Amino acid sequence: MKGEGMEHVFKKNAHTTAKVAILKSPVTWILLMLALFVSSMIGMTLFIAISLGGDDSWDSPREGAAGTVHVSKEVLRYEPLIRKYAAENDIEPYVGLILALIQQESGGRSLDVMQASESIGLPPQTIMDPEYSISIGVQYFAQVLKQAKGDIPLALQAYNFGNGFIDYAMPRGGYSKQVAKEFSEMMATKMGWDGYGDVNYVDHVLRYYSQEKGLEVVGDGTQSFDVEKVHDIMKKYLGLPYVWGGRTPSDGGFDCSGLLEYAFAQIGVNLYGTAKSQYDKTIPIRDEEAKPGDLVFFSTYKPGPSHVGMYVGNGTFINANGSGGVSYSSVQQWKDLYPYLGFRRIE
């Protein structure tokens, strides 16, 4: 908001002598300053109410509907469009929650920012217009929120699974992680797929959202550590043989988790443990969101995470493996050889 200047208040002519005399009065200045203070406080109150989602247009918004959301700048740039379509669908107090949902869905880096194509029966990523994606996505979220009777976890999981999940969950006590798992397994069997949706979707969205009111931007799309520094440490050991249980150069080589544990320890990041431990210490991200510094996991000789490397871009990761020691590998080639468990990020 730009303040407006006071122009030409004092004009040096005979007609303004009385005005000048009044303005010189201490009482007048005190009254003017008090008026300005009251005006500014009213303006600030209005600004806070608008910017923090304090609108009462929703009949009975659930507690936390206008909570604090932690999003990237890529997501935040869509806030005006989200507010526009949230208002059209009468869910304006939920703008923050929708921002968090977008952070999970695309991180703001996809044209289909709300991954809304499937909600209108189209293949994934069909929508190529961010505003259209937001208009469809917000409308669909409003529908599932209403169908879920304002239950945020139930509505969020339904956004991921489809609104059929609500009819399934309601007779079973509403949303729970167990109910989500049962529904996912049922649908995967029905569709003949290996899996169905994200059973942890609610947790994944709500990690960007907390109860206190406000809007906070965290990060700018960069990693939380110096990727090049870690990469440089690993590059020093290219060609070093693979050694089962190798955790330091003095062991004569590294195993996969040992290489990461050692390199990250040099910059003060604790990745102590096996590939499974490192998997549990990181958070899942979509393949299209992967960037240098993210970890990539595979299942090689037993179920669950048993191989890990650090992504360096262009479909390549650096790792310690049994056939090449410390070397670069192709993500796609490893996908062709072993069960792929996905990219995960260090927070």
Side-chain angles (χ1 to χ4, degrees), residues 71-72 74-75 77-78 81-82 85-86 89 94 97-145 147-148 153-169 175 180-181 183-208 221 283-291 294 296-298 311 313-315 330-332 334-336 339-345:
V71 296
S72 65
E74 290 89 348
V75 172
R77 62 182 169 170
Y78 292 116
L81 285 175
I82 296 166
Y85 290 104
N89 288 276
Y94 294 84
L97 192 62
I98 296 169
L99 282 164
L101 185 152
I102 291 176
Q103 186 69 47
Q104 171 61 24
E105 287 289 342
S106 71
R109 293 185 291 275
S110 167
L111 293 176
D112 189 0
V113 292
M114 289 193 70
Q115 306 293 299
S117 298
E118 294 167 273
S119 67
I120 52 175
L122 299 175
Q125 303 292 333
T126 301
I127 295 175
M128 300 297 287
D129 177 0
E131 181 168 359
Y132 184 52
S133 175
I134 291 169
S135 70
I136 295 298
V138 171
Q139 182 182 40
Y140 185 66
F141 181 73
Q143 291 173 359
V144 295
L145 185 64
Q147 188 178 346
L154 183 57
L156 287 174
Q157 192 65 66
Y159 188 88
N160 178 253
F161 278 164
N163 60 2
F165 175 67
I166 297 174
D167 292 335
Y168 178 88
Y175 169 82
K181 288 179 179 177
F183 182 83
S184 176
E185 291 169 359
M186 179 189 73
M187 292 301 297
T189 300
K190 180 179 179 180
M191 305 298 291
W193 297 345
D194 292 334
Y196 184 90
D198 178 4
V199 298
N200 297 306
Y201 189 77
V202 173
D203 292 339
H204 290 162
V205 172
L206 294 182
R207 64 186 167 174
Y208 301 116
I283 62 171
I285 58 171
R286 296 173 179 270
D287 284 12
E288 58 268 26
E289 296 174 354
K291 57 191 177 184
D294 289 328
V296 59
F297 290 86
F298 300 88
Y311 188 61
N314 298 318
S330 162
V331 174
Q332 186 56 55
W334 273 70
K335 283 184 179 181
D336 294 339
Y340 170 63
L341 302 182
F343 285 98
R344 297 177 73 88
R345 181 160 297 164

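Everything numeric here is computed off the predicted structure, so don't read it as measured data. Heavy atoms only: backbone and side chains are in, while hydrogens, waters and symmetry mates are out.
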Of all heavy-atom pairs between Ile98 and Met114, which one has the smallest distance, and what is that distance? CG2-CE, 3.9 Å
Is the closest side-chain heavy-atom distance between Met186 and Tyr168 below 4.5 Å? yes
Considering non-hydrogen atoms only, spot the tightest contact between Asp198 and His204 and give its length. OD2-ND1, 2.8 Å
Any residue meeting side-chain contact (heavy atoms from CB on, under 4.5 Å) with Gln125, in chain and number order, not counting sequence neighbours: Ser110, Asp112, Gln115, Glu288
Counting heavy atoms not belonging to Asp336, are there more than 12 under 6.0 Å from its CG? yes
For Tyr132, side-chain contact (heavy atoms from CB on, under 4.5 Å) partners two or more places apart: Ile120, Ile127, Asp129, Ser135, Ile136
Does the side chain of Ile102 come within less than 4.5 Å of Ile82's, by heavy atoms? yes
Within this structure, what is the CG-CG distance for the pair Leu145 and Leu154, rounded to the nearest 0.5 Å? 9.5 Å
Could you tell me if Arg207 and Gln104 have a donor-acceptor pair between their side chains, going purely by distance under 3.5 Å? yes
Check whether any side-chain heavy atom of Gln147 lies under 4.5 Å from a side-chain heavy atom of Asp167, and answer yes or no. yes
Could you list the residues that satisfy side-chain contact (heavy atoms from CB on, under 4.5 Å) with Tyr311, not counting sequence neighbours? Ala290, Val331, Phe343
Using the rule given for side chain to side chain contact (heavy atoms under 4.5 Å, CB included), can you reason through Gln103 versus Val205, listing the C-alpha separation, both sets of side-chain angles and the distance that settles it, and then say yes or no? CA-CA 8 Å; Gln103 186 69 47; Val205 172; over 6 Å; no
Could you work out, with ring-ring contact (aromatic ring centres under 6.0 Å, His included) as the rule, every residue matching Phe161, not counting sequence neighbours? Phe165, Phe183, Tyr196
What is the minimum heavy-atom distance between Gly107 and Glu74, and which atoms define it? O-CB, 3.4 Å
Would you sort out whether Asp287 and Lys335 count as a side chain to side chain contact (heavy atoms under 4.5 Å, CB included), showing the intermediate values? CA-CA 12 Å; Asp287 284 12; Lys335 283 184 179 181; 3.2 Å; yes
ring-ring contact (aromatic ring centres under 6.0 Å, His included) involving Tyr175 - partner list, sequence neighbours excluded: none
Minimal non-hydrogen separation, Leu111 against Met128, with atom names: CD1-CE, 3.5 Å
Decide whether Gln332 and Ser330 meet the rule of one side-chain donor and one side-chain acceptor closer than 3.5 Å. no
Quick one: does Asp294's side chain have a donor or acceptor within less than 3.5 Å of a partner on Lys291's backbone? yes
With rounding to the nearest 0.5 Å, note down the distance linking CD in Gln143 to OG in Ser119. 8.5 Å
Where is the tightest heavy-atom contact between Ala116 and Gly137, given as atom of each residue plus distance? CB-N, 3.8 Å
Donor-acceptor pair, side chain of Ser117 and main chain of Pro124, under 3.5 angstrom: no
State, to 0.1 Å, how close Glu105 and Val113 come at their nearest heavy-atom pair, and which atoms those are. CB-O, 3.9 Å
Neighbour count >12 (heavy atoms, 6.0 Å) for atom CG, Asn314: no
Rounded at 0.5 Å granularity, tell me how far CG in Leu206 sits from CG in Asn200. 12.0 Å
Who pairs with Tyr140 by ring-ring contact (aromatic ring centres under 6.0 Å, His included), at least two apart in sequence or on another chain? Tyr159
Please check this pair: side chain of Ser184 against backbone of Ala180, looking for a donor-acceptor N/O pair closer than 3.5 Å. no
Would Leu101 and Tyr94 satisfy side chain to side chain contact (heavy atoms under 4.5 Å, CB included), going step by step from the backbone distance to the final call? CA-CA 11 Å; Leu101 185 152; Tyr94 294 84; over 6 Å; no
Derivation and outcome, side chain to side chain contact (heavy atoms under 4.5 Å, CB included), residues Val296 and Phe298: CA-CA 7 Å; Val296 59; Phe298 300 88; 3.8 Å; yes
